[in-house]
Amino acid sequence: MIKVDETDPVGELEPSFPYREVICRRNVDMKEFYDLETEVGRGKFGTVYKCKEKATGLGLAAKFVLTPRKEDRRNVEREVDIMKVLQHPRLIQLYDAFDNGKTMCLVLELITGGELFERVIDDDFVLTEKACAVFMRQICEGVEFVHKQNILHLDMKPENILCLTRTGNRIKIIDFGLARKFDPEKKLQVLFGTPEFVAPEVVNFDKIGFGTDMWSVGVICYVLLSGLSPFMGETDIETMANVTIANYDFDDEAFNEISSEAKDFIQKLLVKDQSARMTAAESLEHTFLRHPVADGALQLSKRKLKRYVIKKRWAKAVNMIVALQRMGAKLDL
Ligand code: PIT
């Protein structure tokens with residue numbers, strides 16, 4: 001008989017490669033060592049392709065970033081330095097790195113399951129509060145490890161949570177492009193992030209800290225359980241205004257079937273005062289993650305979450321067209 005480990009509903013899988021010491025190689029063409037395959041993702045961060053290491057046949061992902069300015073280059077170098085430290089099963093792993101002056105390439109672990117939110121809205125996925133807790137636990141485990149290394153992710157949002165495979169329940173946190181080393185003695189302020197998910201201290205350009213990521217984790221949990229975005233306004237300015245006053249509630253009928261433990265979990269993260277928020281370690285001890293309500297009967301309605309995901313897809317497509325138009329204008333086409 002196969003014994004199911006109650007403490008491990010996820011099932012740890014062998015990593016596709018052991019942890020490695022990566023050194024960024026200068027003026028070496030990555031195509032000497034890897035065969036590029038299809039594009040798997042594109043965003044502000046650059047373009048990600050599936051690729052295969054020639055020597056081993058190992059499937060990997062290659063992220064290319066254009067680095068025309070010194071500053072772009074320094075940003076990617078910082079990302080590489082941070083990723084070297086972040087060796088953990090809940091975090092995307094770095095395999096290799098190349099610097100060709102005008103472009104840089106990070107060779108990363110291959111993740112084939114797609115974005116978490118795309119996965120859970122699929123008709124054959126049964127979304128329950130327990131399933132949400134299983135995902136939130138893994139997110140918090142990843143963030144706990146990042147924070148233990150004195151690093152802040154600073155871009156925690158649903159797009160950056162991928163499913164490792166199409167069918168399993170294991171997730172990985174990606175995109176350390178905005179991550180920073182954090183010295184609690186020094187004042188760190190940032191001017192970026194996604195309004196929907198950033199903490200009040202980011203909007204106010206105040207000192208940030210570990211709690212800054214935990215706020216975003218609270219927003220992710222709110223959206224996953226209800227399909228509603230707690231601070232979303234008609235415009236980014238309106239959203240940021242809602243964030244600064246930490247103005248949200250559980251009044252929508254979507255929360256009728258949500259347990260008080262789940263709401264308490266969110267309430268302990270969406271606190272205006274960052275020092276009063278649960279830490280990642282504390283969140284793992286919260287009842288919602290330790291003893292989620294029994295699975296079975298209660299299936300959450302995915303109607304609102306589907307609408308949310310579809311809206312995001314549209315926004316992404318519109319942004320892409322606007323970017324292309326600007327490029328065309330620049331080239332005088
Ligand atoms: C995929 C599949 C995969 C890796 C990625 C996306 C990686 C994305 C990524 C990673 C980063 C980053 C930005 C994007 O800064 O195997 O669909 O470190």
Side-chain angles (χ1 to χ4, degrees), residues 13-17 19-20 22 24 30 34-53 56-67 71-99 103-120 122 138-139 142-143 145-146 149 151-168 170-181 190 192-194 197 213 216 309 312-313 316 319-320:
L13 200 86
E14 276 295 303
S16 58
F17 54 85
Y19 296 129
R20 292 159 57 93
V22 175
C24 193
M30 69 84 68
Y34 301 90
D35 287 317
L36 285 178
E37 294 170 8
T38 50
E39 182 178 317
V40 294
R42 187 185 283 263
K44 281 199 198 77
F45 53 75
T47 309
V48 181
Y49 297 89
K50 190 173 182 296
C51 72
K52 209 173 236 129
E53 187 176 35
T56 60
L58 182 64
L60 293 154
K63 181 180 88 155
F64 289 89
V65 189
L66 292 175
T67 50
E71 193 198 333
D72 304 312
R73 188 103 155 276
R74 271 203 302 272
N75 284 336
V76 183
E77 280 165 357
R78 179 174 49 221
E79 185 177 348
V80 170
D81 282 340
I82 284 177
M83 292 193 76
K84 281 182 192 171
V85 183
L86 297 179
Q87 301 184 338
H88 189 274
R90 301 288 173 263
L91 312 173
I92 190 163
Q93 296 300 298
L94 183 64
Y95 188 80
D96 208 349
F98 296 87
D99 177 358
T103 53
M104 287 177 75
C105 173
L106 303 190
V107 180
L108 303 154
E109 188 177 4
L110 182 62
I111 306 178
T112 53
E115 290 179 21
L116 170 64
F117 277 22
E118 295 282 353
R119 171 81 198 290
V120 299
D122 204 289
Q138 296 178 72
I139 293 171
V143 173
F145 184 84
V146 172
Q149 318 308 311
I151 292 167
L152 308 179
H153 184 283
L154 299 177
D155 202 17
M156 289 299 296
K157 57 181 175 182
E159 280 169 68
N160 288 336
I161 313 291
L162 301 189
C163 292
L164 189 54
T165 61
R166 284 264 162 232
T167 51
R170 277 158 295 116
I171 61 95
K172 293 244 180 198
I173 300 173
I174 63 160
D175 199 346
F176 292 89
L178 299 181
R180 293 287 183 276
K181 286 247 162 64
V190 292
F192 50 63
T194 310
F197 297 96
D213 283 332
S216 311
V309 170
K312 295 284 153 179
R313 273 188 214 149
K316 194 172 172 173
N319 284 337
M320 190 77 83

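Both ligands and their constituent atoms are indexed starting at 1 by order of listing.
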Tell me the contacting part of [X] for ligand 1: side chain, backbone, both, or neither, using a 4.0 Å heavy-atom threshold, strictly below.
{"X": "E109", "answer": "backbone"}
{"X": "T112", "answer": "neither"}
{"X": "L108", "answer": "side chain"}
{"X": "D175", "answer": "both"}

Which residue and non-hydrogen atom of the protein lie closest to [atom], and at what distance in Å?
{"atom": "atom 5 (C) of ligand 1", "result": "V48 CG1, 4.0 Å"}
{"atom": "atom 9 (C) of ligand 1", "result": "I174 CD1, 3.9 Å"}
{"atom": "atom 16 (O) of ligand 1", "result": "I111 N, 2.7 Å"}
{"atom": "atom 1 (C) of ligand 1", "result": "L162 CD1, 3.6 Å"}

- Which pair of heavy atoms, one from C51 and one from Y34, lies closest together, and at what distance?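 Looking at all heavy atoms of both residues, the shortest contact is SG-CD2, 4.1 Å.
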- So which heavy atom on R166 is nearest to which on G113, and how close? NH1-O, 3.4 Å
- Give a yes or no on whether a salt bridge exists between K157 and E115, defined as a side-chain N under 4.0 angstrom from a carboxylate O. no
- Geometric cation-pi criterion R90 and F145, 6.0 Å radius, 45° cone: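 So R90 doesn't make the cation-pi contact.
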[X] neighbourhood, listing ligand 1 atoms whose heavy-atom distance to it stays under 4.0 Å:
{"X": "I92", "value": "4 (C), 7 (C)"}
{"X": "E79", "value": "11 (C), 12 (C), 15 (O), 18 (O)"}
{"X": "L110", "value": "16 (O)"}
{"X": "A61", "value": "3 (C), 4 (C), 16 (O)"}

- Can you list the steps and then say if K312 with E159 is a salt bridge (Lys or Arg N to Asp or Glu O under 4.0 Å)? CA-CA 10 Å; K312 295 284 153 179; E159 280 169 68; over 6 Å; no
- Message: Could you check whether atom NZ of K52 has more than 12 heavy atoms from other residues, nucleotides or ligands sitting under 6.0 Å from it?
- Response: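 No, not enclosed.
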- Test side chain to side chain contact (heavy atoms under 4.5 Å, CB included) applied to I173 and D155, L91, V146, I92, the passing residue: L91
- Task: Ignoring hydrogens and angles, tell me if any N or O in the side chain of Q87 forms a donor-acceptor pair with the backbone of R20 under 3.5 Å.
- Result: yes
